[in-house]
Amino acid sequence: MTREATSKRSTDTPAPTFKVVFQPSGRSGQVEAGVSLLDAARSLGVGIESICGGAGTCGKCQLVIEDGQFQKHSLVSSPVHASAASAEETLICEKHGLPPGVRLSCMALVEGDMLVTVPEEAQANKQIVVKAATRRVIAVDPIIRMALLTLDPPVLGDRSDQERIFAILEKRFGLRGVEFEHPALKALPGALRAGKGEISLTIWNDQTIVRVQPGIHDTPFGLAVDIGSTSIAAYLCDLRSGALLATASAMNPQVTYGDDIMSRISYAVETPNGRERLQRSVINAVSELGAQAAAQAGAAADDIVDCVLVGNSVMHHLALGLDTAQLGHLPFAPVAGGSLDLQARELGLKFNPGARVHVLPLEAGYVGADNVAVILAEQPHQQDEIVLIVDVGTNGEILLGSRQRLLCTSSPTGPAFEGAQITHGMRAAPGAIERVRIDPHNFVVSLKVIGQDQWSHDLPDSQVQARGICGSGILEAVAELFVAGILLPSGKFNPNAETPRIICGPKGQPAFVLATREQSITGNPILLTQGDVRSVQLAKAALYVGAQLLMKELGVKQAERIVLAGAFGSLIDRERAMVIGMIPDCDLERVIAVGNAAGDGARIALLNKASREEAARIAHWTEHITSPLENEFQEEFVAALSFPHASHAFPHVDQIIADRRAGAPVD
Ligand code: FES
């Protein structure tokens with residue numbers, strides 16, 4: 001029950017019931033006279049914000065009782081079908097600046113049929129679209145909840161503040177066995193004094209009070225973090241509304257200790273304090289990204305109370321400070337594979353002192369929590385059709401299957417698509433070339449640079465301001481050079497291509513001038529060298545062969561849908577990904593690009609606690625396929641180095657190239 005004011009009836013006269021309909025949910029039912037609208041909503045499964053637990057202090061549980069005849073619902077509704085607003089309710093509505101006609105659901109009692117509208121800001125458990133491309137809708141139901149309560153000054157004989165709080169939490173919120181985190185307990189006396197008895201509690205998993213603040217606070221913040229081998233992406237979310245408030249990204253500082261995961265394992269295992277150093281560097285980077293994202297949202301890192309971390313197995317172990325020695329050799333056995341709930345301060349994260357961290361589970365060996373996050377985001381295990389998901393990162397991860405069977409593998413792609421080990425590679429930041437078009441007839445180059453709204457051909461050269469090239473730009477540059485005939489299927493520059501843009505680059509190797517010195521902010525041309533093209537070939541061949549491996553295992557010739565994911569600058573261009581042979585040839589209608597699916601999955605786990613259990617089930621169910629090491633695999637890899645492939649047919653790519661060379665318009 002909510003308020004003590006809920007009217008009492010004699011038990012021998014059954015209370016009359018009235019029809020109450022809530023919109024926009026459309027849920028309805030018969031409700032006994034005298035029941036509060038908050039209780040009515042709860043009994044009908046309608047979520048209404050109520051951080052004071054129905055004490056009549058937070059002013060959040062707003063609704064409007066409609067006036068008129070509503071045929072659709074077969075009822076006549078009127079504001080007078082609820083109890084009149086008490087002086088107390090009117091005072092709270094005034095205090096919170098609520099417009100006339102708005103009622104507090106914990107105080108308005110049902111006295112007749114009514115149609116009730118719950119305004120957007122008062123709706124709890126909202127549904128939000130996390131994935132624009134696949135319209136992945138989730139219910140916002142985080143593991144963090146807020147509770148507002150007021151504690152009267154103690155009188156002689158009273159129990160402790162802590163015990164009185166526990167009693168209120170049980171009575172108003174139905175929470176039993178709650179405990180205080182030590183930092184929250186230490187903050188309690190000061191918060192009670194500053195709030196004159198009114199305090200907001202941040203509660204994790206209905207069990208632990210992780211933060212105490214004076215006065216009314218209703219917006220907890222959470223951070224979803226995708227720790228990639230080369231870059232880290234952090235997403236700050238409002239845990240009440242589910243809104244994405246800010247994003248921040250940075251290169252993984254562990255790159256200093258080794259570009260790929262094998263060299264980081266060696267560093268961690270062989271260097272004194274190596275493991276600690278690697279852990280500290282990534283944890284400091286995550287703390288810094290949290291602070292940056294919070295600042296963008298007008299908050300502080302101290303406001304972050306929950307965090308979800310995902311990453312491949314090695315990134316996972318290094319972030320947790322676990323021994324990575326076993327991940328360096330067959331059978332790549334992780335120390336810990338299940339999901340983990342930790343205190344942020346245990347890891348050294350500089351968020352709120354009571355903040356929690358949830359780490360998604362690993363699948364196996366090199367297939368990590370980031371892949372579990374991709375599955376959460378894309379839901380292949382819920383589909384009837386066979387889906388191929390290619391998640392492009394330094395350690396590319398590939399999934400194939402449906403609700404019948406789901407396979408995964410990983411491919412050592414290398415950091416080319418994250419801009420690392422590329423002559424002028426950079427992360428997706430202002431100044432990075434993210435789109436490239438090359439006219440196959442005159443080799444005129446058009447560029448789209450992050451930070452500029454227009455393509456380079458619509459700007460004076462001095463305003464292009466290119467600084468480097470990010471992952472999506474690298475992929476597009478290579479594909480466009482191939483379509484234009486400047487690159488041969490072998491990946492070599494075509495000696496017959498007549499363009500002054502092919503020059504002798506660093507170390508005497510051929511290079512293509514993507515941005516001229518006039519278009520570059522540094523005054524030096526931005527180049528794509530023969531070595532850069534080779535890095536792209538190695539990466540795309542690894543992904544293609546990984547996909548082939550899974551198709552062979554599943555016994556299918558093709559996937560019904562292909563999903564391209566990766567933390568690129570812009571979405572991966574599906575046509576150009578197929579042109580270079582990163583994915584099998586197919587009708588482009590069947591390919592979608594979804595951006596950073598691992599980051600989206602981390603956000604889903606942050607916003608919906610049930611998805612954390614789903615992640616644990618998925619990790620257990622998905623089958624990991626290890627790359628065979630025999631000769632046949634090597635031969636397949638070599639064949640996949642060619643654009644688009646040395647022996648597999650790519651009829652759609654042939655058509656794309658023929659159309660472009662015939663002058664077809666380019667998107
Ligand atoms: Fe807080 Fe109604 S639930 S005022």
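FYI, side chains are in, hydrogens and waters are out, and symmetry mates aren't considered; it's all heavy atoms of this structure. Both ligands and their constituent atoms are indexed starting at 1 by order of listing.
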Inset, instruction - Locate the shortest heavy-atom distance separating R211 from N352; write the atom from each residue and the value. - result: NE-ND2, 3.0 Å

Inset, instruction - Find the distance between CD (Q162) and CD (E179) and round it off to the nearest 0.5 Å. - result: 9.0 Å

Inset, instruction - Taking all heavy atoms of A369 and all of L362, pick out the closest pair and write down the distance. - result: N-CD2, 3.5 Å

Inset, instruction - Of the side chain and backbone of T57, name the one, both, or neither that has a heavy atom under 4.0 Å from an atom of ligand 1. - result: backbone

Legend entry - Euclidean distance, I203 CD1 relative to F180 CZ, rounded to 0.5 Å: 8.5 Å

Inset, instruction - Report the nearest protein non-hydrogen atom to atom 4 (S) of ligand 1: residue, atom name, distance rounded to 0.1 Å. - result: G59 N, 3.2 Å

Legend entry - Interfacing atoms of ligand 1 (cut-off 4.0 Å, heavy-atom, C58): 1 (Fe), 3 (S), 4 (S)

Inset, instruction - Please state whether the separation between atom 1 (Fe) of ligand 1 and some N/O/S atom of C52 is under 2.8 Å? - result: yes

Inset, instruction - Measure across A297 and L245 and return the closest heavy-atom pair with its distance rounded to 0.1 Å. - result: CB-CB, 4.0 Å

Inset, instruction - With rounding to the nearest 0.5 Å, note down the distance linking CD1 in I304 to CG in L223. - result: 4.5 Å

Inset, instruction - Output the list of atoms in ligand 1 that are nearer than 4.0 Å to some heavy atom of G54, sorted by atom number. - result: 3 (S)

Legend entry - Under 2.8 Å: N/O/S of C61 next to atom 2 (Fe) of ligand 1: yes

Legend entry - Atom indices of ligand 1 within 4.0 angstrom of S50 heavy atoms, with elements: 3 (S)

Legend entry - N, O or S of C106 under 2.8 Å from atom 1 (Fe) of ligand 1: no

